[in-house]
Asks: 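Handing you this structure, nothing more for now.
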Amino acid sequence: MTIGPYTLPADFCVGSNILGQGYNEKFYKNAEKFDPDRWNDKSMLTAEPYSFIPFSAGPRSCIGKYLALMESKVMLVHFLHHYEIKRT
């Protein structure tokens with residue numbers, strides 16, 4: 001297979017450095033700074049496609065992706081049902 005200037009043999013394994021991608025200034029301004037607004041709806045409209053892929057992407061994405069998202073929602077509802085949140 002040829003990808004750009006690279007020719008890969010049939011048994012070649014390709015990986016991705018997800019942590020390195022998260023700190024890449026090409027995708028995120030001030031990558032070292034914690035900024036939750038980086039993933040709000042407005043920012044995601046202008047973001048580089050596939051710059052944030054916690055469950056991978058494409059036809060071989062994580063089969064547990066939807067289960068993990070549903071578990072997160074159930075946990076949040078359970079937390080809100082059993083605890084009272086007060087502003088301090």
Side-chain angles (χ1 to χ4, degrees):
M1 174 183 272
T2 302
I3 301 174
Y6 305 103
T7 301
L8 308 175
D11 59 345
F12 193 79
C13 182
V14 177
S16 175
N17 181 358
I18 300 297
L19 183 63
Q21 185 174 337
Y23 286 99
N24 192 336
E25 292 283 338
K26 175 183 172 186
F27 300 119
Y28 305 109
K29 291 185 236 174
N30 301 322
E32 297 286 329
K33 179 184 172 221
F34 176 70
D35 182 14
D37 290 333
R38 183 175 290 151
W39 292 283
N40 67 19
D41 291 339
K42 183 181 174 187
S43 295
M44 290 306 289
L45 290 174
T46 59
E48 181 81 24
Y50 301 114
S51 60
F52 181 67
I53 48 174
F55 295 105
S56 189
R60 292 189 175 95
S61 67
C62 177
I63 61 172
K65 160 171 71 174
Y66 298 110
L67 175 63
L69 294 172
M70 185 188 319
E71 286 177 333
S72 299
K73 292 174 185 177
V74 168
M75 184 216 47
L76 181 62
V77 168
H78 181 78
F79 179 82
L80 294 173
H81 181 72
H82 286 79
Y83 296 94
E84 183 178 341
I85 299 174
K86 293 183 179 181
R87 189 173 188 178
T88 58

Asks: Verify the cluster assignment for I3 and V14: are they in a single hydrophobic cluster under the rule of side-chain heavy atoms below 4.5 Å apart?
Replies: yes
Asks: Between M70 and M75, is there a shared hydrophobic cluster once you connect ILVMFWY residues whose side-chain heavy atoms come closer than 4.5 Å?
Replies: no
Asks: Side-chain heavy atoms under 4.5 Å apart, restricted to Ile/Leu/Val/Met/Phe/Trp/Tyr: what other residues fall into the cluster of F79, or is it alone?
Replies: L76, L80, Y83, I85
Asks: Where is the tightest heavy-atom contact between R38 and K33, given as atom of each residue plus distance?
Replies: NH2-O, 3.3 Å
Asks: Is it possible for you to say whether F12 and M1 belong to one hydrophobic cluster, with membership spreading through side-chain heavy-atom contacts below 4.5 Å?
Replies: yes
Asks: Mind listing the side-chain donor-acceptor pairs of residues 22-31 below 3.5 Å, one per line with the distance, residues two or more places apart or on another chain?
Replies:
unit_1 : atom_1 : unit_2 : atom_2 : d
N24    : OD1    : K26    : N      : 2.8
E25    : OE1    : N30    : N      : 3.4
E25    : OE2    : A31    : N      : 3.3
Y28    : OH     : S51    : O      : 2.7

Asks: Could you report the tightest heavy-atom contact between E84 and K86, atom names first, then the distance?
Replies: OE2-CE, 3.1 Å
